[in-house]
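A short write-up of the structure that comes next.
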Amino acid sequence: MGCLFSKKSRRKSPKKDSALPAGDESATGNDLPETNNTALGSNSNQEAPKQYSWDKREKVDPKDFMLTGLKNETVGRLPGKLNGQQFVIEDCENCNIYVFDHSATITIDDCVNCRIILGPVKGSVFFRDCKDIKCVVACQQFRTRDCKKMDVFLCCATQPIIESSTGMKFGCYQYYYPELAFHFKDAGLSIFNNNWSNIHDFTPVSGETNWSLLPEDAVVLEYMPLPDPESEFKSVKISAEANRSIVPLTKGGRRTESEDSCLFVFFAGDYTTANARKLIDEMTAKGFVLIQTKEVSMRPEDVNRVFQNNAESLTEWITKGPVVALELNGDGVVEACRSIANEVFNGTKVNIK
């Protein structure tokens with residue numbers, strides 16, 4: 001089963017001026033050489049100046065992609081406002097920040113006592129010099145430096161890293177809004193690849209614990225509110241209920257109750273994601289626990305190693321696309337998985353081990 005599931009202080013650089021570069025103001029109209037207006041104006045066949053692709057681009061105002069120096073405010077961005085651009089949050093205090101769009105990277109600097117919701121981020125989310133933060137984050141890479149007391153509901157495709165940070169607590173991502181599935185796709189993230197509990201402490205201190213897991217029954221609304229009904233975000237239909245979360249709620253690195261575990265693999269097909277979600281609903285309704293999930297492309301040697309005696313019959317299926325693997329736990333879980341496979345997924349290519 002492990003074959004599919006792999007287990008100091010910074011020197012601040014001066015902040016750059018966020019304004020767009022100004023044009024060269026030294027060349028005024030009085031400095032231009034005189035021209036023969038009659039000669040130029042009389043040539044009706046004169047070609048119009050050539051337009052290049054960059055001339056047609058919409059002008060970007062950096063202020064649209066940053067939140068800075070705010071206090072006691074509810075702010076953020078609605079779906080469609082970022083469209084994969086970089087975003088910056090800095091020097092905010094006691095704010096509720098909602099970013100309901102996908103982005104390239106996000107940096108959060110020098111923020112205190114803020115609640116932050118971030119839509120899917122294609123690259124990294126980097127918190128620096130922040131304190132008393134509660135957040136919901138989905139990203140490729142998550143990192144903190146010089147931070148204190150953060151509660152993070154996380155979906156991270158790679159191993160999260162903390163550095164020179166203390167009082168860090170992590171839970172599994174739980175959130176939903178209607179555009180979120182599309183934003184995950186636009187950011188190149190899979191809802192099944194989540195290493196939220198596999199934290200790497202880059203600067204451990206002997207005898208101290210810099211990070212821990214949130215209570216297993218922790219819910220987002222106990223840590224951060226929904227947007228005010230009168231705010232600009234009132235049109236976004238949000239749910240923080242675990243059973244509506246776009247990312248499956250997993251147990252992660254917490255201790256399991258049973259010695260019985262099962263690996264249920266869906267091979268690529270038209271309804272792979274929907275089938276995986278249905279299995280999760282069926283199994284959790286019966287009291288079984290979802291430990292972790294993975295979406296991965298497999299090579300022939302991977303098939304031989306993972307599926308062993310069944311490898312030959314499965315090799316052709318990996319050419320159709322990534323597999324989705326679910327690890328489930330509980331007494332009698334293997335028999336329950338086989339029963340559901342026969343009753344619900346008959347005709348769908350799966351493997352149970």
Side-chain angles (χ1 to χ4, degrees), residues 18 58-122 125 127 130-139 147 149-155 169 171-187 189 191 214-215 217-247 249:
S18 62
E58 185 179 348
K59 298 299 182 183
V60 173
D61 186 347
K63 292 180 182 178
D64 292 337
F65 301 96
M66 62 191 309
L67 298 169
T68 182
L70 302 176
K71 188 173 182 179
N72 302 325
E73 293 193 36
T74 295
V75 293
R77 294 294 183 269
L78 288 165
K81 295 299 184 180
L82 297 185
N83 285 327
Q85 296 289 334
Q86 298 180 11
F87 197 68
V88 173
I89 303 170
E90 60 184 12
D91 298 311
C92 293
E93 182 180 350
N94 193 34
C95 289
N96 294 330
I97 299 172
Y98 303 93
V99 180
F100 295 126
D101 206 357
H102 66 101
S103 56
T105 62
I106 295 183
T107 55
I108 304 96
D109 291 335
D110 303 293
C111 291
V112 177
N113 190 30
C114 290
R115 281 73 48 197
I116 303 173
I117 307 289
L118 300 181
V121 181
K122 185 174 185 177
V125 171
F127 285 85
C130 293
K131 181 181 178 181
D132 293 318
I133 302 294
K134 302 180 190 304
C135 58
V136 177
V137 179
C139 58
C147 292
K149 293 181 66 178
M150 288 183 59
D151 297 331
V152 187
F153 290 87
L154 180 63
C155 176
K169 296 183 180 181
C172 185
Y173 185 101
Q174 304 171 40
Y175 219 72
Y176 168 85
Y177 58 87
E179 299 85 356
L180 188 52
F182 298 105
H183 290 167
F184 262 86
K185 184 176 180 180
D186 290 337
L189 300 178
I191 62 172
L214 288 168
D217 59 354
V219 294
V220 170
L221 289 182
E222 294 177 354
Y223 293 79
M224 57 197 78
L226 294 175
D228 190 291
E230 300 304 315
S231 73
E232 63 178 307
F233 308 106
K234 62 184 178 182
S235 63
V236 184
K237 307 302 181 184
I238 302 162
S239 174
E241 296 178 13
N243 61 356
R244 293 200 65 193
S245 176
I246 195 75
V247 174
L249 184 62

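To the nearest 0.5 Å, the span separating NZ on Lys134 from CZ on Arg115 amounts to 8.5 Å. Atom CZ of residue Arg77 and atom CD1 of residue Ile97 lie 10.0 Å apart, to the nearest 0.5 angstrom. With rounding to the nearest 0.5 angstrom, the CG atom of Asp91 is 5.0 Å from the OG1 atom of Thr68. Put simply, CD on Glu73 and SG on Cys114 are 10.5 Å apart, with the number rounded to the nearest 0.5 Å. Put simply, CG on Asp151 and OH on Tyr223 are 5.5 Å apart, with the number rounded to the nearest 0.5 Å. Atom CG of residue Leu221 and atom OH of residue Tyr175 lie 7.5 Å apart, to the nearest 0.5 angstrom.
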Step-by-step side-chain contact (heavy atoms from CB on, under 4.5 Å) determination, Phe184 to Ile246 = CA-CA 9 Å; Phe184 262 86; Ile246 195 75; 3.7 Å; yes
Full working for side-chain contact (heavy atoms from CB on, under 4.5 Å) between Thr105 and Gln86 = CA-CA 5 Å; Thr105 62; Gln86 298 180 11; 3.5 Å; yes
Please lay out, stage by stage, how Cys130 and Asp109 fare under the test side-chain contact (heavy atoms from CB on, under 4.5 Å).
-> CA-CA 6 Å; Cys130 293; Asp109 291 335; 5.7 Å; no
Decide yes or no on ring-ring contact (aromatic ring centres under 6.0 Å, His included) for Tyr98 and Phe233, but give the supporting numbers first.
-> CA-CA 8 Å; Tyr98 303 93; Phe233 308 106; 5.6 Å; yes
Could you walk me through whether Val136 and Val220 pass the side-chain contact (heavy atoms from CB on, under 4.5 Å) check?
-> CA-CA 8 Å; Val136 177; Val220 170; 4.0 Å; yes
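Residues Leu118 and Ile106 form a side-chain contact, since some pair of their non-hydrogen atoms from C-beta on lies under 4.5 Å apart. When side chains are defined from C-beta on, Met224 does not count as touching Asn96, because their heavy atoms never get closer than 4.5 Å. At least one side-chain heavy atom of Pro120 sits under 4.5 Å from a side-chain heavy atom of Leu180. No side-chain heavy atom of Thr107 sits less than 4.5 Å from a side-chain heavy atom of Ile89. Between Ile238 and Pro227 there is a side-chain heavy-atom pair separated by less than 4.5 Å. By the 4.5 Å heavy-atom criterion applied to side chains, Phe127 and Met150 are counted as neighbours. Looking only at side-chain heavy atoms (C-beta outward), Ile116 and Ile108 come within less than 4.5 Å of each other. With contacts defined as side-chain heavy-atom distances shorter than 4.5 Å, the pair Tyr176/Ser245 does not qualify.
For an aromatic pair to be called close, the ring centres must be under 6.0 Å apart, and Tyr177 with His183 satisfies this.
Residue Lys149 forms a side-chain contact (heavy atoms from CB on, under 4.5 Å) with just one option from Ile133, Asn113, Asp132, and that option is Asp132.
Taking 4.0 Å as the cut-off between side-chain N and carboxylate O, Asp101 and Lys81 do not count as a salt-bridged pair.
Judged by distance alone, the side chain of Ser103 and the main-chain N or O of Val121 form no donor-acceptor pair under 3.5 Å. Although no hydrogens or angles enter the test, the distance criterion places a donor-acceptor pair under 3.5 Å between the side chain of Gln174 and the main chain of Ala218.
When all heavy atoms are compared, the tightest approach of Pro79 to Val236 is CD-CG2, 4.1 Å. The nearest pair of heavy atoms linking Phe153 to Cys172 is CD2-O, 3.5 Å. When all heavy atoms of Gly69 and Cys92 are compared, the pair lying nearest together is N-SG, 4.3 Å. Of all the heavy atoms in Asn72 and Cys95, the pair that sits closest is N-SG, 3.7 Å. Considering all non-hydrogen atoms of both residues, Glu232 and Leu78 come closest at O-CD2, 3.6 Å. In terms of heavy-atom proximity, Pro229 sits nearest to Lys234 at O-CB, 3.1 Å.
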